[in-house]
> 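A single structure is presented below for examination.
None of the values given here were measured: they were computed from a predicted structure. Throughout, protein chains are lettered first and strands after them, A, B, ... in sequence-line order, and every chain is numbered starting at 1.
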Number of protein chains: 2
Amino acid sequence: MVTAKATSLDVARLAGVSQSAVSRVFSGASASEKTIAKVRAAADRLGYRPNAMARAMKSGESRIIGLLVAYLENHFYPVALEKLSNELQARGYHILIFMVPNNAEDIDGIVEELMDYQVDGIITASVSMSSNLTDRCAASGIPVVMFNRAQDGTGLSSVTSANVEGGRKVAEFLVAGGHQRIAHIAGWEGSSTGRDRALGFRLGLADAGVPLLAEIDGMYAREHAAEATRTLMARPDPPDAIFVGNDHMAFAVLDVLRHELGYKVPGDVSVVGYDDVPLAAWAAYDLTTLRQPVKRMVDATVETMLGQIEDPARPAQKTEISGPLIMRGSARIPKGWTQ
Amino acid sequence: MVTAKATSLDVARLAGVSQSAVSRVFSGASASEKTIAKVRAAADRLGYRPNAMARAMKSGESRIIGLLVAYLENHFYPVALEKLSNELQARGYHILIFMVPNNAEDIDGIVEELMDYQVDGIITASVSMSSNLTDRCAASGIPVVMFNRAQDGTGLSSVTSANVEGGRKVAEFLVAGGHQRIAHIAGWEGSSTGRDRALGFRLGLADAGVPLLAEIDGMYAREHAAEATRTLMARPDPPDAIFVGNDHMAFAVLDVLRHELGYKVPGDVSVVGYDDVPLAAWAAYDLTTLRQPVKRMVDATVETMLGQIEDPARPAQKTEISGPLIMRGSARIPKGWTQ
DNA sequence: GAGTGTTTTGCAATCGTATGCAAGGGGCAG
DNA sequence: CTGCCCCTTGCATACGATTGCAAAACACTC
């Protein structure tokens, strides 16, 4: 007898109890066995389920997390999104997803919309927030966790991989491989990840006494990375190794090197990426890359988020998770290094 | 003066009007210029925005669309999701996203959760629904649109590409290319897309009088497709052309053919996929494939969805959109065929 | 200035649930 | 049996908005 939609009052009447009894049964408050049984029976008969909207309105907790994503083109994000959604779903939360247009101006409007829905928290994936926005969220007591991006100055929690350390590892790896002319096609310098990876990379090279041949901002975009590759290889002293700011760009670099310019990888040039998206393991690319441990990053994000929801007073928390270098076939492997 | 959170009543008091006046200003009902100005000013000062939850509860319209997705591993879905989200956002709707676990049993529970949120509609992406579920949605008057999958018998709207026609086009293309031993690694036979593409392909071959060498269900999974490829190539009469049920599997097929078994593509074997995900155009794969016009499919999905929300009496609508064959480098191009 | 018609506005009820409060009921010790 | 305490239960209210209704304000015409 599943009619249009039953309310707690309908159930109450059918069960012969008060509406509050029904509410108590479904919100886990205390009730006698007898009442619980009667209510459950009636609810089943009517197909009743509590109205999440009404519940949210009354309690002020929507159990919805707003997710801001800039682009899904880079496979890292779909993968993260999938895990994030599963994890939150398991904890009884759900994701209201918002794509952020490239023009960073509109983001304020988007966040406003988010807040209209009384979201319990906001997770941003590779999105920066204006300080104005940060303040609003703080004022409303809405926790924010930045995933795969950090932002100094703001009091926001963030979860990233250990980007400086990661950049450094790549530098050590390339130096150990005996490369002489090392270049970097960097992640967007407007992002903390791009800057940190580049910084770590430069530090690592400096420590080894190897100069950085060139650095070009690839903007995390295929086209920019491809163009940067052409520029680099057109030099009189083209690089014999390129560290690329993320896998997504590295694929473009490999495409240009192999299929457009006819270079051998890693024979002529070694290429190293960053992320270790699934595609990096596919034979066509077989990309050596520094892995971002998505699962652990997601777990940390969820923990931080729920922690702050439970205790709004908890201070912001910046988590860095380090990942291993995954050696595959796109870069010469130094003697003695093993997986 | 952005305090915790202002309600319409706060605004009303500050503006010196009634709470209903505030409501009317923000819901676009008629009001005098003077009132509008006063309310707007007060609202700005308080940082007031209407509470979407409360609005949803009262009006019964949440302006939220539930989206059920099975997996994001196949790039077709992130791309579609991005467009879908943008499109709906532009129309004032938002997406509550749910990942459906592989065990199809749980899907009922997921849909229940969806309905708890009073979603205005449900879009499923490559997910099948039990008839039980279908009934519940119908009973609740919640429109459902299936994206990239159709289901007979249910009265549900669906938007797909013209899969039978598409399969046929591929058959004609391969036959025209002079291939003799043509095999098919099919999409999951439990899905309408997989079945229809295979059906069209067989029909096309039959019309041309060319036999189908073999057909294996690739389950839309990389590993299955890879294994199927090994099986096919181990035959005494290995195929000289393989039509693969979607790009995602086709990449695995190419990886195995080229890097594991050492075949030349398209020299030894031609490979054709289905979808035309961005990756298909990248040089490393350069995959000939039948394009599913995502943009148009998404548009149709949104139109159908909103149409049914506006007028619940509107009958279900099955849309099929045909796409072109995109000729790239993974399959021999018949003489005289041009892009 | 009175009469008529059209807006504008406020009052109050309502959506479906949660919860403080006080009354009711049951169990147990004395 | 009485008294005390604790667990259940129902009543009534609140959450923040929308909306029907009727009174009030306004605009015009005669």
> How would you list, by chain and number, every residue that makes a salt bridge (charged side-chain N to carboxylate O under 4.0 Å, His left out) with A:E61, sequence neighbours excluded?
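With sequence neighbours excluded, A:E61 shows a salt bridge (charged side-chain N to carboxylate O under 4.0 Å, His left out) to no residue whatsoever.
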> Could you give all pairs that pass the salt bridge (Lys or Arg N to Asp or Glu O under 4.0 Å) test and reach residues 7-35 of chain B, with sequence neighbours left out?
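Only B:D10-B:R13 qualify under salt bridge (Lys or Arg N to Asp or Glu O under 4.0 Å).
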> Could you give the NZ-to-P distance, from B:K38 to C:dT8, as a whole number of Å?
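Going from NZ in B:K38 over to P in C:dT8 covers 14 Å.
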> Could you pull out all residues at least two apart from A:E82 that satisfy side-chain contact (heavy atoms from CB on, under 4.5 Å)?
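Counting only residues at least two positions away or on another chain, A:E82 forms a side-chain contact (heavy atoms from CB on, under 4.5 Å) with A:N86, B:L72, B:M99.
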> Tell me the interatomic distance from B:L9, atom CG, to C:dA12, atom C1', rounded to whole angstroms.
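Answer to the nearest Å: 14 Å.
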> What is the distance from NZ of A:K34 to C1' of C:dG25, rounded to the nearest Å?
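So the two atoms are 10 Å apart, to the nearest Å.
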> Does a salt bridge link B:D299 with B:K295, judged by any charged N lying under 4.0 Å from a carboxylate O?
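Salt bridge: yes.
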> Between the opening five pairs and the closing five pairs of the helix from C:dG1-D:dC30 to C:dG30-D:dC1, how far apart are the helix axes, to 10°?
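Inter-axis angle at the termini of the helix from C:dG1-D:dC30 to C:dG30-D:dC1: 40°.
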> Reading DNA chain D 5' to 3', which nucleotide is the first, and which the last, to come under 4.0 Å of any heavy atom in chain A?
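From 5' to 3', the first and last contacting nucleotides are D:dT8 to D:dG16.
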> How would you list, by chain and number, every residue that makes a side chain to side chain donor-acceptor pair (under 3.5 Å) with B:S32, sequence neighbours excluded?
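Applying side chain to side chain donor-acceptor pair (under 3.5 Å) to B:S32 gives B:T35.
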> With A:D152, which residues qualify under side-chain contact (heavy atoms from CB on, under 4.5 Å), at least two apart?
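Scan of A:D152 (side-chain contact (heavy atoms from CB on, under 4.5 Å), adjacent residues dropped) gives none.
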> Restricting to salt bridge (charged side-chain N to carboxylate O under 4.0 Å, His left out), what partner residues turn up for B:D120, sequence neighbours left out?
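If we apply the salt bridge (charged side-chain N to carboxylate O under 4.0 Å, His left out) test to B:D120, skipping adjacent residues, there are no hits.
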> Tell me the ring-ring contact (aromatic ring centres under 6.0 Å, His included) pairs involving residues 20-63 of chain B, sequence neighbours left out?
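Matches after skipping sequence neighbours: B:F26-B:Y48.
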> List, with names and distances, any nitrogen or oxygen atoms from the protein found under 3.5 Å away from nitrogen or oxygen atoms belonging to nucleotides 18-22 of chain C.
| residue | atom | partner | partner atom | Å |
| --- | --- | --- | --- | --- |
| C:dA18 | OP1 | A:R55 | NE | 2.5 |
| C:dA18 | OP1 | A:R55 | NH2 | 3.2 |
| C:dA18 | OP2 | A:S23 | OG | 2.7 |
| C:dA18 | N6 | A:Q19 | OE1 | 3.1 |
| C:dG20 | O6 | A:R24 | NH2 | 3.0 |

> For A:E303, is there an ion pair with A:R91 - N to carboxylate O distance below 4.0 angstrom?
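Answer for the salt bridge query: yes.
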> Which pairs, with at least one residue in residues 106-140 of chain A and sequence neighbours excluded, count as a ring-ring contact (aromatic ring centres under 6.0 Å, His included)?
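Every ring-ring contact (aromatic ring centres under 6.0 Å, His included) pair that includes a residue of residues 106-140 of chain A, provided the two are not neighbours, is A:Y117-B:H94.
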> When the nearest nucleotide of DNA chain C is assigned to B:V17 and to B:M57 on a heavy-atom basis, which residue is associated with the more 5' position?
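That would be B:V17.
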> Rounded to whole angstroms, how far apart are CD on A:E61 and C1' on C:dT17?
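A:E61 atom CD is separated from C:dT17 atom C1' by 14 Å.
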> Which residues pass the side-chain contact (heavy atoms from CB on, under 4.5 Å) test with B:S158, sequence neighbours left out?
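B:S158 satisfies side-chain contact (heavy atoms from CB on, under 4.5 Å) with B:M146, B:A150, B:K318 only.
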